[in-house]
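Protein chains get the first letters and strands the later ones, always in sequence-line order, with residue 1 at the start of each.
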2 protein chains.
Amino acid sequence: MLDDRKKKVLQAIVEEYINTAEPVSSNALTSNHGLQCSSATIRNEMADLEKSGYLDKTHTSSGRIPSEKGYRYYVDELLKDDDISLEEIKYISSKLETKVNEIEDLTKIAANTISEVTHYTTVSIGPKANEQIIKDIKFILLGSRMMMAVILTDTGLVKETIIKFDEDVTEKQIETINYMFNKKLKGQPIEKIDRPLEEYLYDEMTYSVNVIKPIIEQIKKVLEDEQIYLEGANKSFDLPEFNSLEVAKNFVNVLDTKELMADMLNSGFADDIQVYIGDENPKEELKDFSVVTFKHKVNGKDLGTIGIIGPKRMDYSKVISVMKYINKKLKEIE
Amino acid sequence: MLDDRKKKVLQAIVEEYINTAEPVSSNALTSNHGLQCSSATIRNEMADLEKSGYLDKTHTSSGRIPSEKGYRYYVDELLKDDDISLEEIKYISSKLETKVNEIEDLTKIAANTISEVTHYTTVSIGPKANEQIIKDIKFILLGSRMMMAVILTDTGLVKETIIKFDEDVTEKQIETINYMFNKKLKGQPIEKIDRPLEEYLYDEMTYSVNVIKPIIEQIKKVLEDEQIYLEGANKSFDLPEFNSLEVAKNFVNVLDTKELMADMLNSGFADDIQVYIGDENPKEELKDFSVVTFKHKVNGKDLGTIGIIGPKRMDYSKVISVMKYINKKLKEIE
DNA sequence: GATTAGCAATCAAAACAAAAGAGTGCTAAA
DNA sequence: TTTAGCACTCTTTTGTTTTGATTGCTAATC
């Protein structure tokens, strides 16, 4: 579709613009981008690329900037996905070697590392519990009217929650409840904690609803809990596009809306790295930004999702290279 | 020190400036602030107040803005601390009635409520565990090399953590460890988890250091953990002072620095509400902002600290009134 | 036929200038 | 002691000009 020189010109413009944040002139490309032709020739190529929608102008006599179609072509066809230095590899490896006690922390550490290496803002969310299989449930009495439930899943996820009762509960009762819950749920996917289970337990047990109900409700609640973590929110403010108050304000608003962030991270279906450029974002509010996400999966089970959010003029090469490397490393860990 | 009319003029200027964010002119005060004199008289008073350091000018022919000394005088002597409407009282009460399973959540809810009512950004931090008395410790085996420790304190605080081992641990071992830890620590302040305890346990128990050491380390770690919560970061961006990129950037940077936020919240000693205006802040980075903090305490035990961070032109009356009311309500809860 | 030098045309950004307006400080009168 | 009056100061706004970067087109060149 695009001939060789046009590809080179487009790539040069995208990369130059990613570096400088200034519209790229025909002259700027003659010097150092390995294009063996004059600025006039490049101007002709640029005019063609603009006609086909890969480039935009900010005004009649300005240099060119990539359009979203241009970025998309760059991401699909032109970028290098090994744009990562030895130092970066070493740094990432050492960060991921941190011993974690809870599997959720791994995603957090990865998100933090990505933010540090790429200098972009990252957002992360923990594992989706409801895709997982219950390995064990433990109930521990913490007082006459308070207990803790601990749920272990096949992927090593541990979720715990405190449950309070309106009446006294005995150690004996907890034991029975423990037995019944495990009998019914061990080896089952988490979705099984639902209405039929509730009814079954009411039937099987002599205890009042006052005990069973809060347990089920609270367990459901904690399993649905989605904690969002933000890393390097301030980093974005050093980018020139954030000199526009409009953009900066919008950005803070977006980051502050937890539901939006959760939707953003949950919207990617695939196992692989997803790139959303501007309007490609499912969410209207993100249309001025680019988002790159990837899911950390083990045996098809979601162990958390990380998203990078930055300007459309994002360093896709670096971002994707780093994500690929982190993804590989995470897979190695378990 | 200040005569009556000067107080009135200062108060009017502070309140006017808090409302409008514009330098206040002598004319603006003649109309609606109950001052029975001409603008010329007010000009004279303003010149005096400026000479004594309560007011500043942005340039020779501009209106006046309060200096930090002016704000301080206002906060100490002039503000109303019952600046809270019936609707606000109702809203706060209803929010604080939310049933919480963990005592930490109460601080979070309070911080969220304050942010919603005042429209400022709030920061909160959970209870300081190390001031508390250990009521009970429970250890639960979650696998052959993994267990959970749950620590209960006298104030109702529950802290739990997962501990992983490099060797297999039996149910029997855990029982003994459970017994020993409780024997040694029940009724003791949390600081007792220290070197002497470690040595005692090594002596008393036949288990390898590989088991005792990770337990003590991990427990210490989780008790020191300070999670910072942010509410309404975006709200500040609607204020006119945040139209300056300099200020906005600074603000995001400050909020993003967790250690700074923790220091800020931990620096207040007193039980009561603390107001730091601009340079009064212990931290250099906060010198362009005002911070109002208060500790939620029960029986002298810290149950969390909340801070409001906003422009020096903060609505101190509203903020302090709301905080006082919330403080009272929290005390009622337990 | 593709490439390039040359140049007028375009437009943003910077620099400059002028006018308007808000507010003060001071003086002198009430 | 208070206030009316007014010159003076300084910011803000608005308009104009200049500068400079960059393009698109044309005609010459390879």
N/O to N/O distances under 3.5 Å, protein versus nucleotides 11-15 of chain C:
unit_1	atom_1	unit_2	atom_2	d
C:dC11	OP1	A:T60	OG1	2.9
C:dC11	O5'	A:T60	OG1	3.1

Report summary line: From CG of B:L29 across to C1' of C:dA22 the rounded distance in Å is 15 Å

Report summary line: In whole angstroms, the gap separating C1' of D:dT1 from CG of B:N44 amounts to 10 Å

Query - Length of the CD-P vector between B:E16 and C:dA22, whole Å - result: 16 Å

Requested in this report: Please state whether the phosphate of C:dT4, meaning OP1 or OP2, lies under 4.0 angstrom from any side-chain nitrogen or oxygen of A:T41.
Outcome: yes

Query raised in the report: Touch check for B:S26, heavy atoms < 4.0 angstrom, all strands: base, sugar-phosphate only, or nothing?
Result: sugar-phosphate

Query raised in the report: How long is the line joining CE of A:M46 and C1' of C:dT3, in whole Å?
Result: 17 Å

Report task. Output, in order, the C-alpha distance, side-chain angles, deciding distance and verdict of salt bridge (charged side-chain N to carboxylate O under 4.0 Å, His left out) for A:K287 and A:E280. Result -> CA-CA 7 Å; A:K287 74 175 175 19; A:E280 295 175 7; over 6 Å; no

Query raised in the report: Going by distance alone, is a donor N or O of one side chain under 3.5 Å from an acceptor N or O of the other, for A:S290 and A:Y316?
Result: yes

Query raised in the report: More than 12 heavy atoms of other residues, nucleotides or ligands under 6.0 Å from NZ of B:K283: is that the case?
Result: no

Query raised in the report: Between B:I42 (CD1) and D:dA4 (C1'), how many Å, whole number?
Result: 15 Å

Query raised in the report: Would you say C:dG25 has OP1 or OP2 under 4.0 Å from some side-chain N or O of B:K57?
Result: yes

**Report entry** Residue pair B:S39 / B:T30, side-chain donor-acceptor N/O under 3.5 Å
**Finding:** no

Query raised in the report: If we ignore angles and hydrogens, is there a donor and acceptor under 3.5 Å between the side chains of B:T293 and B:Y276?
Result: no

Report task. Run through A:R313, A:K318, A:K80 and flag the one making a salt bridge (charged side-chain N to carboxylate O under 4.0 Å, His left out) with A:E15. Result -> A:K80

Query raised in the report: To the nearest Å, how far apart are A:L35 CG and C:dT3 C1'?
Result: 14 Å

**Report entry** B:K249 side chain to A:N234 side chain, donor-acceptor N/O pair below 3.5 angstrom
**Finding:** no

Report summary line: Of C:dT24, C:dT3, D:dG24, the nucleotide closest to the side chain of A:R64 is D:dG24

Report task. Would you indicate what B:N27 reaches in the nucleic acid, counting non-hydrogen atoms under 4.0 angstrom: base, sugar-phosphate, or nothing? Result -> nothing

Query raised in the report: Out of D:dT23, C:dA5, C:dG25, which nucleotide sits closest to the side chain of A:S38?
Result: C:dA5

Query raised in the report: Whole-Å distance between C:dT24 C1' and B:L55 CG?
Result: 14 Å

Query raised in the report: Which sits closer to the 5' end of DNA chain D, B:R43 or B:R5, going by the nucleotide each is nearest to?
Result: B:R5

Query raised in the report: Once you round it to whole Å, what is the distance between C1' of C:dA2 and CD of A:Q36?
Result: 16 Å

